[in-house]
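Have a look at the structure below before the remarks.
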Amino acid sequence: MTAPGPQKMWGGRFERGPDALFYEFERSWSFDRRLLPQELALDRAWARAITTAEILTTKECAAIIEALDQIEKRAQTDLAWLDSSPAEDVHHFAETALIEKLGPLGAKLHTGRSRNEMVATEFRMYVKQAAGEIISTVGLLEAAFAEQAEKNLGVPMPGTTHMQHAQPLLLSHWLLAHGEAFDRDAERFLAAAKSADACPLGSGALAGCAFPLDRNALAQDLGFPRITANSLDAVSDRDFALEYLFALSALAMHLSRLAEDFVLFATPEFAFIELPDEFSTGSSLMPQKKNPDAWELIRGKTGRIYGALITVLTTCKGLPSSYQRDLQEDKEALFTAHDQALAMTRIAAATLGATRFREDKLRESASDPALVATEIADYLVNHGVPFREAHEIVGKVLRAAEQEEKTVRDMPLARLKTFSPAFGDDLGTMLTLDSALARRNIPGGTAPTAVRAALDEFKARLSSRAKIS
Ligand code: ARG
């Protein structure tokens with residue numbers, strides 16, 4: 001069975017139309033219709049460019065632009081029109097609609113251009129826009145971190161390495177640690193958008209355009225600050241998409257780490273947070289349950305984003321020079337990765353914003369005397385004991401305390417002096433939680449003054465990025 005289709009676009013040298021099953025297999029309209037706004041913008045710019053090159057008259061150009069505007073309007077409201085179109089791809093859809101409206105004049109627009117350069121250009125336009133959208137959503141997440149850090153300033157928590165109690169932290173320091181990771185993500189999205197910001201139009205199918213086109217003017221018309229340098233490279237380069245997919249993958253990885261912390265903090269063993277009802281679910285069997293599904297789904301969806309990166313990397317691997325149809329596989333992967341990452345980031349921002357941190361539990365856990373072991377070693381160092389020796393002494397003190405079932409704070413000075421004569425009665429002031437925090441007053445450290453400064457600097461960075469993007 002022969003399919004309805006794009007034969008008009010390229011059927012001249014064919015005796016028979018495409019097989020219906022094959023046609024369904026090769027079509028990309030179902031997903032590249034997302035590029036229709038970019039396609040129509042490109043078509044308008046192309047009409048202007050080939051008018052300057054004296055291929056169209058000014059009148060013809062105006063008629064084409066008017067028709068493209070009408071197509072855009074109808075596409076915005078008449079979804080059935082889009083759904084029922086037998087178009088092969090978004091370029092075929094626009095061309096068919098234009099010819100339906102204008103007849104032979106519509107058929108003039110494709111002069112000097114190829115779908116190979118068009119799809120590369122439209123995909124770049126899409127990635128630029130998508131990056132802008134994700135940067136502002138990551139900005140919402142960063143703002144939620146800043147807000148929680150501000151609200152909880154002064155609340156301590158136990159800091160861990162290897163999941164073992166290590167040294168106390170300020171909760172706001174922990175919040176800003178995650179915030180920094182997302183800030184780097186935002187920078188990576190800016191960089192990916194910059195990579196995408198070069199216009200391939202004028203590259204033709206692979207060898208460049210034979211009509212006297214002003215490529216720079218055309219690029220500018222479409223909002224690109226520069227043109228691509230080599231036509232053959234331009235029709236096959238998908239590095240910008242890969243960079244965007246890597247940035248999405250890093251974002252998803254950071255979200256999944258944040259999710260893991262929250263899942264853990266919501267357990268009764270930790271109980272550092274209260275899960276917000278609006279972003280949690282219950283169990284159909286166990287009435288007591290409140291589950292952190294928002295975070296679990298965020299963690300769970302990360303794999304799909306990595307999958308999209310690997311899909312496109314694999315698509316590009318080993319391709320010969322120039323455009324190959326394999327490249328059509330780039331779009332679906334990127335579109336769904338973008339959609340998922342955007343949804344994950346939105347939900348993370350909202351869930352974080354609605355989460356209540358339990359100061360009582362955090363403070364109780366941060367009061368574990370083991371967390372000040374480093375302070376005791378530092379105390380001895382301040383009193384002339386070499387650090388390695390101090391480390392050994394404190395280890396022995398802690399072991400003795402454990403055996404005697406007390407904490408170091410409860411050990412009398414006389415007992416401590418049996419471990420080292422350097423212990424004195426000023427030790428106590430150093431063993432408090434506040435002192436352990438305040439001593440780390442160095443840029444990037446967890447002391448309240450350092451965290452206050454870091455939070456202000458974080459907010460300033462965030463608002464300066466909001467201004468450029
Ligand atoms: N749908 C195609 C894609 O996404 C557009 C370019 C088609 N070019 C071609 N020569 N068949 O890559």
Side-chain angles (χ1 to χ4, degrees), residues 3-14 17-19 21-43 45-46 75 82 85-99 107 109-130 196 198-210 222 228 231-242 244-245 308 311-339:
Q7 295 90 311
K8 285 216 181 75
M9 227 170 24
W10 44 253
R13 59 105 60 226
F14 285 77
D19 172 84
L21 268 182
F22 169 63
Y23 187 56
E24 274 317 307
F25 179 72
E26 67 115 351
R27 293 176 75 198
S28 52
W29 168 243
S30 65
F31 53 88
D32 68 14
R33 57 190 268 184
R34 188 188 285 227
L35 296 176
L36 190 57
Q38 287 82 2
E39 163 75 24
L40 295 170
L42 185 155
D43 287 342
W46 190 261
L82 304 182
S85 167
E88 181 183 32
D89 59 24
V90 65
H91 324 290
H92 180 221
F93 175 85
E95 183 169 312
T96 310
L98 195 65
I99 294 173
L109 184 65
H110 205 59
T111 310
R113 70 181 192 177
S114 158
R115 284 186 291 167
N116 300 352
E117 60 182 333
M118 291 168 70
V119 77
T121 306
E122 290 165 26
F123 203 28
R124 282 169 178 270
M125 291 163 75
Y126 177 83
V127 166
K128 281 165 54 178
Q129 177 206 302
C199 184
L201 285 182
S203 297
L206 76 165
C209 179
L222 282 172
T228 53
S231 62
L232 188 57
D233 175 49
V235 294
S236 70
D237 169 25
R238 295 293 182 271
D239 293 1
F240 62 94
L242 289 168
Y244 187 59
L245 283 165
T311 296
V312 181
L313 272 174
T314 311
T315 298
C316 294
K317 173 192 175 296
L319 283 186
S321 301
S322 186
Y323 177 83
Q324 321 295 330
R325 191 62 180 274
D326 314 44
L327 290 170
Q328 179 168 294
E329 291 294 309
D330 58 2
K331 282 173 284 298
E332 246 177 322
L334 187 139
F335 291 159
T336 49
H338 169 76
D339 292 345

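Note that ligands are numbered from 1 as they come in the structure, with each ligand's atoms numbered from 1 the same way.
Listed by number with element, the atoms of ligand 1 under 4.0 Å from a non-hydrogen atom of Ser28 are 1 (N). The ligand atoms of ligand 1 that sit less than 4.0 angstrom from a heavy atom of Val119 are 3 (C), 4 (O), 12 (O).
Nearest protein heavy-atom contact of atom 10 (N) of ligand 1 is Asn116 OD1, 3.1 Å. With respect to atom 2 (C) of ligand 1, the closest heavy atom belonging to the protein is Gln328 OE1, 3.3 Å. Among protein heavy atoms, the minimum distance from atom 7 (C) of ligand 1 is reached at Tyr323 OH, 3.6 Å.
Residue contacts with ligand 1, taken as heavy atom pairs separated by less than 4.0 Å, involve Lys331 solely via side-chain atoms from C-beta onward.
Leu242 approaches Leu313 most closely through the heavy-atom pair CD2-N, 3.6 Å. The minimum heavy-atom distance between Cys316 and Leu327, with the atom names listed, is SG-CD2, 4.2 Å. Summarising the geometry of Val235 relative to Gly204, their closest heavy-atom pair is CG1-O, 3.6 Å, with the distance given to 0.1 Å.
An N or O contact shorter than 3.5 Å is missing between His91 and ligand 1 by distance.
Taken from CZ in Phe123 to CG in Asp330, the straight-line distance is 4.0 Å, to the nearest 0.5 Å.
Residues Thr121 and Cys199 have side chains in contact (heavy-atom distance under 4.5 Å, counting atoms from C-beta outward).
A donor-acceptor pair is defined here as one N or O able to donate and one able to accept, closer than 3.5 Å; such a pair exists between the side chain of Asp32 and the backbone of Val90.
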